[in-house]
Undergrad: 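Just dropping this structure here.
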Amino acid sequence: MQIDIKETNGVAVCNIKNDVDINSSPDVKKYFEQLTREKKEKILISFGAVNYVDSSGLATLVEVLKMMRSYGGKLKLSGLSDKVRGLFEITKLDKLFDIYLTEADALNSF
Amino acid sequence: MKERTQVEIENNSHLLKEVSKELINSLKEQGVSEEVIFDVHVGFEEALRNAMIHGNKSRPDKKVRIEIEITVEEVIIVVEDEGEGFDPSGLPDPTVGENLLKESGRGVYLIKHLMDYVKYENGGRKVTMKKRI
């Protein structure tokens, strides 16, 4: 699993570099558990390099959202491919998450 | 053109990925669109994951049987586990109310929406899926 992180205007921008699936989800979860332990207030997950997400990946993202909500943190997503975004739409998770087309759009919305 | 594969694998997520990769490569070789391949990819892996984790309860002594047939018109996939079975009609809708925030329950729902045909048999242990290519 590879996630690159940078701070931009007080937002932790996390760029996931691999698929979020049955094999990588446990590590992705651990990574964001650490960030939420630090109570990061603003997190943007960038999906520009993610080609594939499965139900375990979706479940992991729901867990991250719940962890952040527990302390009032804000989570946003950006850069989803049409097909990955389609999975969010089918499962209605697009209603739960703040999803933006580009990283810049997401950053401006915080 | 017709390609048929039958294989039996152990409960192992890395084997799941290997079998899935072979299917994707076969579909790519047949010139199937990226959009359709994505749907089959998700549908197949969700079915395998359900069979291994929910069906076989990740037990090392249980196996998953897979049949894949690729014709000119469609890909037909059968996944069968050795578990106790389940009633797919009894699953809660993961898109409604508080279920949206639950961590499980999206796999079967995704299969239903991404594949053109889905049928459960043998008490839920066997699923047959079809997708036009």
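In what follows, chains carry the letters A, B, and so on, assigned in the order in which the sequence lines appear, proteins first and then strands, with residues in each chain numbered from 1.
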Undergrad: Is A:T60 in contact with chain B via its backbone, its side chain, both, or neither, using a 4.5 Å heavy-atom distance?
TA: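 When you check distances to chain B, no heavy atom of A:T60 falls under 4.5 Å.
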Undergrad: Relative to chain B, which segment of A:K83 carries a heavy atom at a distance below 4.5 Å: side chain, backbone, both, or neither?
TA: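 Both backbone and side chain.
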Undergrad: With respect to chain B, which residue among A:V62, A:N23, A:L96 yields the maximal number of heavy-atom pairs within a distance under 4.5 Å?
TA: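 Heavy-atom pair counts peak at A:N23.
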Undergrad: For A:V84, is it the side chain, the backbone, both or neither that has a heavy atom under 4.5 Å from a heavy atom of chain B?
TA: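 Contact with chain B is through both the backbone and side chain of A:V84.
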Undergrad: So for A:N51, is it side chain, backbone, both, or neither that comes closer than 4.5 Å to the heavy atoms of chain B?
TA: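 Contact with chain B involves the backbone of A:N51 alone.
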Undergrad: Do other residues, nucleotides or ligands put more than 12 heavy atoms under 6.0 Å from A:E89 CD?
TA: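 Atom CD in A:E89 is crowded, with more than 12 foreign heavy atoms closer than 6.0 Å.
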Undergrad: Can you establish whether the number of heavy atoms outside A:N9 located under 6.0 Å from its atom CG is more than 12?
TA: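 No, CG of A:N9 has 12 or fewer neighbouring heavy atoms, counting only those of other groups under 6.0 Å.
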Undergrad: Identify which part of B:K17 has an atom lying under 4.5 Å from any heavy atom of chain A, answering side chain, backbone, both or neither.
TA: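 Side chain of B:K17 only, per the 4.5 Å heavy-atom cut-off to chain A.
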Undergrad: If you count every heavy atom of other residues, nucleotides or ligands that lies below 6.0 Å from B:E98 atom CD, does the total exceed 12?
TA: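 No, not enclosed.
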Undergrad: I'd like to know if the side chain of B:E46 and the backbone of A:S55 have a donor-acceptor N/O pair within less than 3.5 Å.
TA: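 Yes, B:E46 side chain to A:S55 backbone: donor-acceptor pair under 3.5 Å.
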Undergrad: Are there over 12 heavy-atom neighbours, none belonging to A:E33, within less than 6.0 Å of that residue's CD?
TA: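 For A:E33, atom CD is crowded (more than 12 foreign heavy atoms under 6.0 Å).
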Undergrad: Taking atom CG of B:L101 as the centre, does the number of heavy atoms from other residues, nucleotides or ligands within less than 6.0 Å exceed 12?
TA: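 For B:L101, atom CG is crowded (more than 12 foreign heavy atoms under 6.0 Å).
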Undergrad: For A:T91 versus B:Y109, what's the shortest heavy-atom pair and its separation?
TA: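 Between these two residues, the closest heavy atoms are CA-CE2, 4.3 Å.
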Undergrad: Has A:D82 got more than 12 heavy atoms of other residues, nucleotides or ligands less than 6.0 Å from its CG?
TA: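 For A:D82, atom CG is not crowded (no more than 12 foreign heavy atoms under 6.0 Å).
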Undergrad: So which atom in B:R106 and which in A:A59 form the shortest heavy-atom distance, rounded to 0.1 Å?
TA: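 For B:R106 and A:A59, the tightest heavy-atom pair comes out as NH1-CA, 4.1 Å.
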Undergrad: Could you tell me which of B:L100, B:N99, B:V96, B:L16 has the largest number of non-hydrogen atom pairs under 4.5 Å with chain A?
TA: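 So the answer, after comparing B:L100, B:N99, B:V96, B:L16, is B:L100.
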Undergrad: Any link between B:V64 and B:I77 through a network of hydrophobic side chains (Ile, Leu, Val, Met, Phe, Trp, Tyr) touching at under 4.5 Å?
TA: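 Yes.
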Undergrad: Would you indicate whether B:K131, at its atom NZ, is surrounded by more than 12 heavy atoms from other residues, nucleotides or ligands within a distance under 6.0 Å?
TA: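 Atom NZ in B:K131 is crowded, with more than 12 foreign heavy atoms closer than 6.0 Å.
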Undergrad: Are any of the side-chain heavy atoms of B:F38 and A:L87 separated by less than 4.5 Å?
TA: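 The answer is yes, as the side chains (C-beta and beyond) meet within the 4.5 Å cut-off.
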Undergrad: Working to the nearest 0.5 angstrom, can you tell me the gap between B:E45 CD and A:D19 CG?
TA: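 Between atom CD of B:E45 and atom CG of A:D19 there are 8.5 Å.
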Undergrad: Side chains of B:L48 and A:I22: does their closest heavy-atom pair fall under 4.5 Å?
TA: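 Result no, sub-4.5 Å side-chain heavy-atom pair not found.
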Undergrad: Tell me, yes or no, whether the heavy-atom count around B:K62 atom NZ, taken from other residues, nucleotides or ligands under 6.0 Å, exceeds 12.
TA: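 For B:K62, atom NZ is crowded (more than 12 foreign heavy atoms under 6.0 Å).
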Undergrad: Pick whichever of B:H41, B:E34, B:E35 has the most heavy-atom pairs under 4.5 Å with chain A.
TA: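 Maximum pair count with chain A is reached by B:H41.
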